[in-house]
Amino acid sequence: MLTCEALIQDAEARIGGDSPKLDAELLLSHVSGLSRTSFRAWPEREITAEQAEQFFVLVAERVEGKPIAYLLGQQEFWSLPLRVSTSTLIPRPDTECLVEAALSLELPESAKVLDLGSGTGAIALALASEKPEWQITATDRIAEAVELARENSQNLNLPVSVIQSHWFEELPAGAFDLLISNPPYIPASDRHLSEGDVRFEPASALVAGNDGLDDIRLLVTQGLGWLNAGGWMMLEHGYDQGDAVRDLFTQAGWRNIETRKDYGGNDRMTLARKPASD
Ligand code: GLN
């Protein structure tokens with residue numbers, strides 16, 4: 001009765017959504033320790049009643065809409081397996097385009113980089129995996145997120161210094177070559193907040209005032225004080241916020257302001273440079 005095949009078929013029918021079979025397989029693999037390919041090779045294999053019990057609980061939560069990443073406690077970002085928890089946003093593939101853009105900048109050999117509102121540590125750790133010589137700091141306002149980012153840093157053996165700070169507030173004085181952030185940027189009234197995965201994610205990581213720009217405004221204004229001359233800031237934002245974010249950078253006196261698209265072809269980030277001292 002508790003064969004892998006029967007369990008997967010039953011869960012698949014109940015989960016629905018975009019990828020019910022994949023979800024069912026991931027959850028079964030999680031509780032059983034068996035690989036997804038083994039379910040195809042040995043569909044008649046049985047799992048223990050205890051494992052089945054855990055599986056049914058997870059499937060019920062998935063039916064309620066809880067994101068698969070929270071149920072597994074893990075999400076891959078830049079090919080790094082990151083632990084996730086409900087204290088942070090689940091890292092999105094679109095955010096990988098910030099990592100790619102950061103790696104393409106001309107920066108000093110041992111660049112000083114700050115990832116603001118780092119959550120799981122995704123951006124900072126991805127950069128650390130590519131640039132071992134960079135000195136990378138990550139901040140988050142939420143204590144649980146700081147713990148999680150430190151844990152990910154240790155598990156992956158990628159050194160990142162993680163500091164609990166609301167944006168720049170608790171940061172020791174210093175100057176960076178790159179400030180990078182995926183801040184909250186969703187307007188408080190946005191209807192997407194009541195749909196899909198974001199329903200289960202912390203508002204602190206998603207919502208930023210009535211126009212979604214409260215935190216971006218702060219970062220653009222205060223960021224200049226934390227950069228070396230010629231240093232860069234790179235911010236993720238909503239697909240319809242490119243004009244507004246470029247305006248904010250322009251008003252604050254930044255140069256080389258440019259919006260770039262994500263892998264889905266939507267405006268997703270804007271970068272800008274602090275003027276070189278003359
Ligand atoms: N891109 C995320 C979403 O729309 C939001 C991320 C964020 O607010 N930083 O689901």
Side-chain angles (χ1 to χ4, degrees), residues 17-19 62 65-71 75-78 82 84-102 114-127 138-142 144-146 148-149 152 162 165-168 178-220 222-223 233-246 248-249 259-272:
D18 295 340
S19 54
R62 184 68 191 126
K66 192 161 184 187
I68 198 84
Y70 285 154
L71 297 175
Q75 170 72 38
E76 200 164 284
F77 181 83
W78 201 261
L82 297 178
V84 299
S85 79
T86 50
S87 63
T88 70
L89 195 75
I90 299 164
R92 309 280 203 272
D94 285 333
T95 303
E96 293 180 352
C97 71
L98 270 84
V99 174
E100 208 177 305
L114 176 63
D115 174 14
L116 293 135
S118 189
T120 58
I123 295 175
L125 293 165
L127 294 175
T139 66
D140 205 282
R141 180 165 67 90
I142 311 291
E144 290 84 2
V146 170
L148 191 66
N152 279 323
V162 190
S165 172
H166 185 217
W167 303 128
F168 301 102
L178 170 64
L179 306 176
I180 188 165
S181 180
N182 173 15
Y185 54 72
I186 301 182
S189 61
D190 195 308
R191 66 181 170 80
H192 289 107
L193 292 168
S194 57
E195 295 169 5
D197 283 7
V198 292
R199 286 174 298 161
F200 295 84
E201 294 179 290
S204 61
L206 295 165
V207 182
N210 290 332
D211 61 359
L213 294 170
D214 280 6
D215 293 294
I216 289 180
R217 233 177 252 115
L218 180 150
L219 292 169
V220 167
Q222 295 187 7
M233 176 174 259
M234 187 177 287
L235 300 177
E236 179 168 328
H237 54 70
Y239 70 95
D240 54 357
Q241 292 172 330
D243 286 346
V245 174
R246 284 196 303 280
L248 290 173
F249 273 116
T259 297
R260 296 203 192 155
K261 296 191 187 304
D262 60 23
Y263 303 122
N266 294 309
D267 282 356
R268 184 56 61 197
M269 70 168 143
T270 295
L271 61 162

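Whatever order the structure lists ligands and atoms in, that order sets their numbers, starting from 1. Numbers for residues simply follow the sequence, beginning at 1.
Contact atoms of ligand 1 toward Asn182: 7 (C), 9 (N) (distance under 4.0 Å to a heavy atom of the residue). Shown in contact with Arg92 at under 4.0 Å from a heavy atom are these atoms of ligand 1, numbered in order with element: 2 (C), 3 (C), 10 (O). Residue contact check: Val198 has heavy atoms under 4.0 Å from atoms 10 (O) of ligand 1. The ligand atoms of ligand 1 that sit less than 4.0 angstrom from a heavy atom of Leu206 are 8 (O).
With a heavy-atom cut-off of 4.0 Å, His192 does not touch ligand 1 at all. For Ala208, no heavy-atom contact with ligand 1 is shorter than 4.0 Å.
Close N/O approach between Arg268 and ligand 1 is not found [any backbone or side-chain N/O within under 3.5 Å]. Among the atoms of Leu89, none of the N or O lies under 3.5 angstrom from an N or O of ligand 1.
Heavy-atom distances between Pro183 and ligand 1 reach below 4.0 Å in at least one pair. Heavy-atom separations between Ala205 and ligand 1 include at least one value shorter than 4.0 Å.
Under the 3.5 Å distance criterion, the side-chain polar atoms of Asn266 are left unmatched by any main-chain donor or acceptor of Arg268. Counting only distance, with no hydrogens or angles, the side chain of Gln241 and the backbone of Gly238 share a donor-acceptor pair below 3.5 Å. Looking only at distances, a side-chain donor or acceptor of Glu201 sits under 3.5 Å from a matching main-chain atom of Ile90. A donor-acceptor pair is defined here as one N or O able to donate and one able to accept, closer than 3.5 Å; such a pair exists between the side chain of Asp140 and the backbone of Gly119. Glu96 places a side-chain N or O within 3.5 Å of a backbone atom of Trp78 that can act as its donor or acceptor partner.
Scanning the protein for heavy atoms near atom 8 (O) of ligand 1, the closest one is Tyr185 N, 3.4 Å.
A salt bridge between Glu195 and Arg191 is present, with a side-chain N of the basic residue lying under 4.0 Å from a carboxylate O of the acidic one. Look at Arg141 and Asp215 and you find no salt bridge, because none of the NZ, NE, NH1 or NH2 atoms lies under 4.0 Å from a carboxylate O.
Between the CG atom of Asp262 and the CG atom of Asp267 there is a distance of 8.5 Å, given to the nearest 0.5 Å.
Comparing Ile186, Asp215, Asp190, Asp262 by heavy-atom distance to atom 4 (O) of ligand 1, the nearest is Ile186.
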